[in-house]
Amino acid sequence: MADVSRPIRVLHVISDLFVGGAETQLANLVRHRDAPDIEHRVISLLPNGAHTSALLAEGVPAIELAFKPAWRAPAELLRLAAQIRRQAPDVVQGWMYHGDLAALVGLALSGRRQTRLVWGLRCTDMSLADYGPGLRATIAICARLSHRPDIVIANARSGLDAHLRIGYRPRQRAIIANGIDTDRFRPDPLARRDIRREFGLGDDALVIAWIGRIDPIKDHATLLAALADLPEISALAIGAGTETFDAPRNWRGLGPRDDVPRLLAACDAVVSTSLSEGFSNVLAEGMACGLPPIATDVGDSAHLLGDCGVLIAPRMPAALVAALRALFDEPPAERAARGRRARARIVENFGIAQAARLYGEIYRALVAGDRVATANR
């Protein structure tokens with residue numbers, strides 16, 4: 001049991017700190033300082049993460065290891081175990097498959113039997129054929145070892161169910177939706193004006209946001225096909241690879257950006273064409289900026305959108321075209337009201353304070369030796 005005279009030490013082990021949904025969620029969580037009885041520290045398995053310097057600047061201890069190339073992994077696991085011994089955390093939490101597996105092995109090698117172990121599931125159904133044998137093997141190993149953590153936390157009901165289907169058998173389980181920083185992601189009329197001027201977009205231009213790396217699971221092809229039929233609508237496409245290929249003139253591929261809240265504030269809707277999604281940060285952040293959402297009906301998107309947006313079938317450019325035309329045919333006042341409802345839904349149900357509170361409850365219960373309630377959290 002932890003010394004009650006000091007904060008509970010939570011050491012997060014994550015695959016990397018690059019720009020991505022899980023990485024951003026971890027950064028949001030450890031920055032949230034409303035729980036003085038919990039102290040967060042972070043270890044990334046890979047170096048050069050976009051979030052690392054920001055965490056260090058805000059006083060969050062963060063260490064980067066170098067698990068690639070693969071031959072370095074054994075030595076890096078020993079370094080991880082040494083860090084766990086040195087930092088003496090009360091809880092080690094893994095994030096994503098490689099982070100989960102490394103957290104388990106590193107904790108075992110550290111010899112710290114009193115430290116509790118948490119795994120974090122950040123995705124739902126994936127077409128593993130699109131990925132390499134290394135990831136497929138890691139997922140299979142995680143499924144076999146999924147009874148070892150004290151608890152497995154998913155960010156979506158669909159994600160938990162998908163992992164149960166492939167053999168995960170956690171002793172305890174919980175669902176905590178991602179938490180959005182609604183002070184950072186908010187409507188911003190000045191940013192809307194400035195960004196539109198930067199890209200030569202008029203005040204009345206119809207602009208959508210699409211955020212994601214170029215990856216089969218994000219299905220940028222559906223958006224490109226829809227844009228070809230919608231020359232009157234422009235898309236700001238943000239994420240690694242969006243800037244590197246030929247696309248319709250109304251696609252502006254911006255690549256990775258560090259000013260996403262301002263870019264979202266300049267748009268009129270947020271679109272997700274993902275083929276698989278647990279809890280979509282992109283949709284939630286766009287909604288927090290007051291944007292009506294249009295999303296494929298995958299994962300927990302229906303729960304996230306509520307009555308604020310439109311769900312479409314995956315891989316259906318015609319359905320996306322119809323949804324965008326219907327949205328932009330609405331009177332501006334009605335569309336604005338939809339955007340206000342979207343922001344209110346995120347503020348009331350999916351803010352970072354709610355997520356941090358639920359994580360804190362689990363950490364405290366584990367350290368106290370209590371069983372964690374397994375209902376939807």
Side-chain angles (χ1 to χ4, degrees), residues 15-24 27 44-54 68-69 96 98 122-123 126-135 191 194-201 205-277 280-283 285-286 289 291 293-296 298 314-317 320-321 324:
S15 301
D16 60 67
L17 283 169
F18 306 152
V19 176
E23 298 89 340
T24 298
S44 169
L45 303 185
L46 296 177
N48 305 316
H51 289 290
T52 306
S53 57
K68 287 186 177 179
M96 302 189 290
H98 293 94
R122 314 302 305 176
C123 65
M126 295 194 308
S127 176
L128 294 179
D130 294 329
Y131 297 88
L135 178 59
D194 293 345
I195 292 294
R196 284 177 172 244
R197 286 179 179 175
E198 177 182 341
F199 293 112
L201 297 166
L206 302 177
V207 184
I208 62 174
W210 184 93
I211 303 178
R213 67 191 183 279
I214 296 303
D215 183 288
I217 205 169
K218 301 299 182 183
D219 191 22
H220 63 284
T222 286
L223 178 62
L224 289 172
L227 289 174
D229 288 338
L230 296 167
E232 72 278 17
I233 296 175
S234 295
L236 298 186
I238 306 155
T242 57
E243 76 283 19
T244 61
F245 59 91
D246 292 331
R249 294 184 61 184
N250 52 343
W251 164 287
R252 286 173 167 80
L254 307 183
R257 298 280 294 228
D258 58 8
D259 58 347
V260 172
R262 298 180 69 248
L263 293 167
L264 284 170
C267 296
D268 300 298
V270 60
V271 172
S272 171
T273 53
S274 288
L275 304 178
S276 176
E277 202 73 64
S280 171
N281 278 354
V282 168
L283 290 172
E285 289 167 354
C289 290
L291 306 185
I294 297 174
T296 45
V298 296
R315 290 195 178 100
M316 292 287 290
L320 179 56
V321 169
L324 285 167

* Minimum heavy-atom distance Asn250-Leu227, with the two atoms named -> ND2-O, 3.1 Å
* Asked: Between atom CG of Leu236 and atom CD1 of Ile211, what is the distance when rounded to the nearest 0.5 Å?
  -> 9.0 Å
* Answer yes or no: is there a side-chain heavy-atom contact under 4.5 Å between Ile238 and Val260? => yes
* **Residue pair Ala50 / Val19: nearest heavy atoms and the distance that separates them** => CB-CG2, 3.7 Å
* To do: Check step by step if side chain to side chain contact (heavy atoms under 4.5 Å, CB included) holds for Asn48 and Leu46.
  => CA-CA 7 Å; Asn48 305 316; Leu46 296 177; over 6 Å; no
* Asked: Nearest 0.5 Å, what's the CZ-OG distance between Arg196 and Ser234?
  -> 8.5 Å
* To do: Return the minimal non-hydrogen interatomic distance between Arg257 and Phe199, and the atom names on each side.
  => NH1-CZ, 4.0 Å
* Would you check if Leu135 and His98 make a side-chain contact, meaning some heavy-atom pair closer than 4.5 Å? => yes
* Asked: With no hydrogens and no angle check, is any side-chain donor or acceptor of Thr296 less than 3.5 Å from a backbone partner on Ser274?
  -> yes
* Pairs where residues 208-217 contributes a residue and the test salt bridge (Lys or Arg N to Asp or Glu O under 4.0 Å) is met, not counting sequence neighbours -> Arg213-Asp215
* To do: Mind checking the CH2-CD1 spacing from Trp251 to Ile233? Nearest 0.5 Å is all I need.
  => 14.5 Å
* Structure fact -> Cys289 and Pro261 have their tightest heavy-atom pair at SG-O, 4.1 Å
* Structure fact -> Interatomic distance, CE@Met96 vs CG@Leu45, rounded to 0.5 Å, equals 8.5 Å
* Approximate separation, where rounding is to 0.5 Å, of Ser44 OG and His51 NE2 -> 10.5 Å
* Under the ring-ring contact (aromatic ring centres under 6.0 Å, His included) test, which residues partner His220, sequence neighbours left out? -> Phe245
* To do: Considering non-hydrogen atoms only, spot the tightest contact between Pro248 and Leu224 and give its length.
  => CD-CD2, 3.6 Å
* To do: Could you tell me whether a side-chain N or O of Thr24 sits under 3.5 Å from a main-chain N or O of Gly21, the two making a donor and an acceptor?
  => no
* Separation of Trp210 CH2 from Thr242 OG1 (nearest 0.5 Å) -> 7.5 Å
* Less than 4.0 Å between a side-chain N and a carboxylate O, is that true for Glu277 and Lys218? -> yes
* Can you name the nearest heavy-atom pair linking Arg315 to Leu275, along with the distance? -> NH2-CD1, 3.1 Å
* side chain to side chain contact (heavy atoms under 4.5 Å, CB included) between Met316 and Thr222, intermediate numbers included -> CA-CA 7 Å; Met316 292 287 290; Thr222 286; over 6 Å; no
* Run the side chain to side chain contact (heavy atoms under 4.5 Å, CB included) check on Cys267 and Ile208 step by step: do they pass? -> CA-CA 5 Å; Cys267 296; Ile208 62 174; 5.9 Å; no
* To do: Kindly determine whether Val270 and Glu285 satisfy side chain to side chain contact (heavy atoms under 4.5 Å, CB included), including the steps that lead there.
  => CA-CA 9 Å; Val270 60; Glu285 289 167 354; over 6 Å; no
